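Only a predicted model underlies this, so the values are computations on that prediction, with no experimental measurement involved. Just so it is clear, the values below take in all heavy atoms, side chains as well, and ignore hydrogens, waters and symmetry mates.
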Amino acid sequence: MNIASFPKALKHSFIFAAYEILSFILTFPLIFNMNSRILTDPTYTGRGDGGGFIWTFWWIRWAVLDRGEALLTTDFLTYPTVINLGNVYDNVLTVILSVPLTAVFDIVTTYNIFVLATLATCAFTAYLLVFDLTRDRRLAFLAGFTFGFSPFLLIRATGHLNILSIEWLPLMLMFLLRFVHERKRKDALLAALFFVLNAFGSWHLAIIASVLIACLLLYWLIVDRAMILNAPFLKSFILFAAVSTLLLTPFVYPIVKAKINGEIKTHLVEASHAFSVPLIGFFVPPASNTFFRYVPWNWKINEIMHKNINYVEFTNFLGFVELALLAYWLLRVPKKRSSVFFFFTFVVFGVLSLGPFLKLIGSESPVIVLPYYMFFYLPFMSFMRTPNRFVIVMILMLAILNADAIAYFLKKHGGMWKKRKALAMFSLLFIALFFERMTYPIRTIETKVSDFYYTIANDPIESYRILDLPLVPSTEYNYLQTVHHKKLLLGGFYDVQNKNEIFSFIANHAAIIDLQCAIFQRLPGEDHVAFFREQHVKYVISHVQAQIPNGEAAGCFYEPQIIEDLFGKERVVFQDDDIQVFQMYE
């Protein structure tokens, strides 16, 4: 069978199938546990951010479609505070697409389908972009693999489904490049469509795409302004901007309104500094890598970079193979204006990923101010509290430049590199890239929950609330709500806009303060019970195996025994290895 004789669409389908199989392999054994386990960040004790995104699939079907609840505002998670969900779970397109899938599959399977399919699609759209640039299927396949299964994206598969949903960005760039050179309105319309789809993946991705467009315009203004300062291009670009704005406005307007009303928080410079890339971070493999996990220096550097941020956010490895090919491109490959654009963009996004202040390895004191600092003075750019997410475009540019380097090498050594030797070279490169990405066995966590949550799910009375302890920002409680369907008192308030209002509620009620670290110092137990009765909290659920993040540093520990002493053993209505349930009233 000769694949060269197949129609183009069929060839592309074979490529996508290959990427999907690779997604099964690189996330093994997830494919055999689709309805019972999810990928998770190794540094989380719960289900990580994945629990939050699973919650969105449940919320749109159970609450919005079946019960007529509001899509973007609710007190269901954080009673009595009403929160705006628009900047928390901003994966609009994924949530919409989940509706038909959850009619067939359970929400855990649906979530895992999206994770696996999105990885493959990211690789496939990068393949289409590079194939459009090179017309070489082998180069495009390697580039797609480089991007779609980069360590950066693979680690986002452990919880950041919104950031993982970058698959539309390569297609947006492909049509942008086309209409820069050909000025066809069709390309402008398609670029707008993929810009909007990218924005629906996450508002963070909308910012990333906007900066990429700015890079494109700035580059041609510097290099050859006649390319973009002409009537056909300007008309096409205005069309692109108008269509994008028209399609996004119904979804962006509620976010803008919430921002104006102060419902959406503005991220602090310090937070962005914590989530920026240290210079060494581009060169340090994740400690979970199958091979590098045994290298002592790699563990030590990862530990220093980790500090107070999670494992996902400090994984920004570009790849040794990719960087070696970039070095070859810089030193040996003749530069074309079109390819220099990709390097220019690589550098711009690299600088932005370093955050507002330069750091070398850990969280050094702010000394050198970097261009990212200006984001805090631009409208809505403060949404982007995590500069390291700009790395995603660096990897796409790296994949394109790597393809250019390989193409030049093969052309230069055309007499020596016959078909078999060229195939051997591609095979070796693929194997090396594969080893850089291999994380076996990848960390998964079981989605099984205590039987008690199913018991209260069958309770026809819905008016009471649940309080899960310890009282920490955790999407674990969001996930549990998809099972029991009851309102949470101060529940999954992880990264919500109204966090200050929630903290104010905590600070104004001594009963809550005493439970925050399970330290009973001031109030007798009956006062606590009376308080929770007033809040219609029927069950206080102590998660006996839970830990408070950074609790030791804060001098704050969770002691389930103190909770039992506080409410009394006689109030325990359920207990297993994971939870102890106290009933506040009949």
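At a threshold of 4.5 Å between non-hydrogen side-chain atoms, the residues T158 and I155 count as touching. Considering only heavy atoms from C-beta on, L116 comes within 4.5 Å of L30 through its side chain. At a threshold of 4.5 Å between non-hydrogen side-chain atoms, the residues P170 and L396 count as touching. The shortest distance between side-chain heavy atoms of F240 and I213 falls below 4.5 Å. Between W58 and T102 the shortest side-chain heavy-atom distance does not fall below 4.5 Å. Between I60 and V99, some side-chain heavy-atom pair lies under the 4.5 Å cut-off. With a 4.5 Å cut-off on side-chain heavy atoms, I54 and N478 do not count as touching.
Here the shortest heavy-atom pairing between E436 and N289 reads O-ND2, 2.8 Å. Residues F349 and I208 share a closest heavy-atom pair of CZ-O, 3.7 Å. Nearest heavy atoms, L153 versus I163: CD2-O, 4.3 Å. For P151 against F317, the heavy-atom pair with the smallest separation is CG-CD2, 3.9 Å. S98 and T110 make their closest contact through CB-CG2, 4.2 Å (heavy atoms, listed as atom of the first residue, atom of the second, distance).
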Handout entry: Test ring pair (Phe, Tyr, Trp, His ring centres under 6.0 Å) applied to F149 and F434, step by step
Key = CA-CA 9 Å; F149 296 99; F434 185 86; 9.1 Å; no

Practice task
Please step through side-chain contact (heavy atoms from CB on, under 4.5 Å) for the pair L410 and M425, ending with a clear verdict.
Solution key: CA-CA 10 Å; L410 291 175; M425 177 185 176; 3.7 Å; yes

Handout entry: Worked verdict on L26 versus T439 for side-chain contact (heavy atoms from CB on, under 4.5 Å)
Key = CA-CA 7 Å; L26 288 168; T439 306; over 6 Å; no

Exercise for the section: Tell me, with the steps shown, if L433 and L142 meet side-chain contact (heavy atoms from CB on, under 4.5 Å). Expected result: CA-CA 9 Å; L433 290 168; L142 275 181; 4.0 Å; yes

Exercise for the section: Give the intermediate values and the outcome of side-chain contact (heavy atoms from CB on, under 4.5 Å) for residues L129 and L133. Expected result: CA-CA 6 Å; L129 168 62; L133 294 171; 4.2 Å; yes

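Taking the ring centroids of F124 and Y127, they lie under the 6.0 Å cut-off. Ring to ring, F292 and F320 are close: their centroids are under 6.0 angstrom apart.
F114 and F57 have tilted rings, their planes meeting at an angle from 30° to 60° on a 0 to 90° scale. A tilted orientation is assigned to the rings of F237 and F179, their planes being inclined by 30° to 60°. Between F430 and F141, the ring planes are tilted. Angles from 30° to 60° get that label.
A donor-acceptor pair under 3.5 Å links the side-chain atoms of N402 to the main chain of L398, judged by distance alone. No donor-acceptor distance shorter than 3.5 angstrom exists from the side chain of N388 to the backbone of T315, with no hydrogens or angles considered. Side-chain N or O atoms of T447 include one that pairs as donor or acceptor with a backbone N or O of S36 at under 3.5 Å. No side-chain donor-acceptor contact under 3.5 Å links N112 to the backbone of N35. The main-chain N or O of V115 is never found under 3.5 Å from a side-chain atom of T118 such that the two would form a donor-acceptor pair. When atom types are taken as modelled, the side chain of K359 and the backbone of L354 share no donor-acceptor pair closer than 3.5 angstrom. No donor-acceptor distance shorter than 3.5 angstrom exists from the side chain of R37 to the backbone of R443, with no hydrogens or angles considered.
R135 forms a cation-pi arrangement with F131, by the criterion of a distance under 6.0 Å to the ring centre and an angle within 45° of the ring axis.
By the neighbour-count criterion of 12 heavy atoms within 6.0 Å, atom CZ of R293 is densely surrounded, having more than that number from other residues, nucleotides or ligands.
Rounding to the nearest 0.5 Å places CD1 of I442 at 6.0 Å from OG1 of T27. A distance of 12.0 Å separates CD1 of I400 from CZ of F346, quoted to the nearest 0.5 Å.
Using a cut-off of 4.0 Å between Lys/Arg side-chain N and Asp/Glu carboxylate O, K336 and D404 are scored as not salt-bridged.
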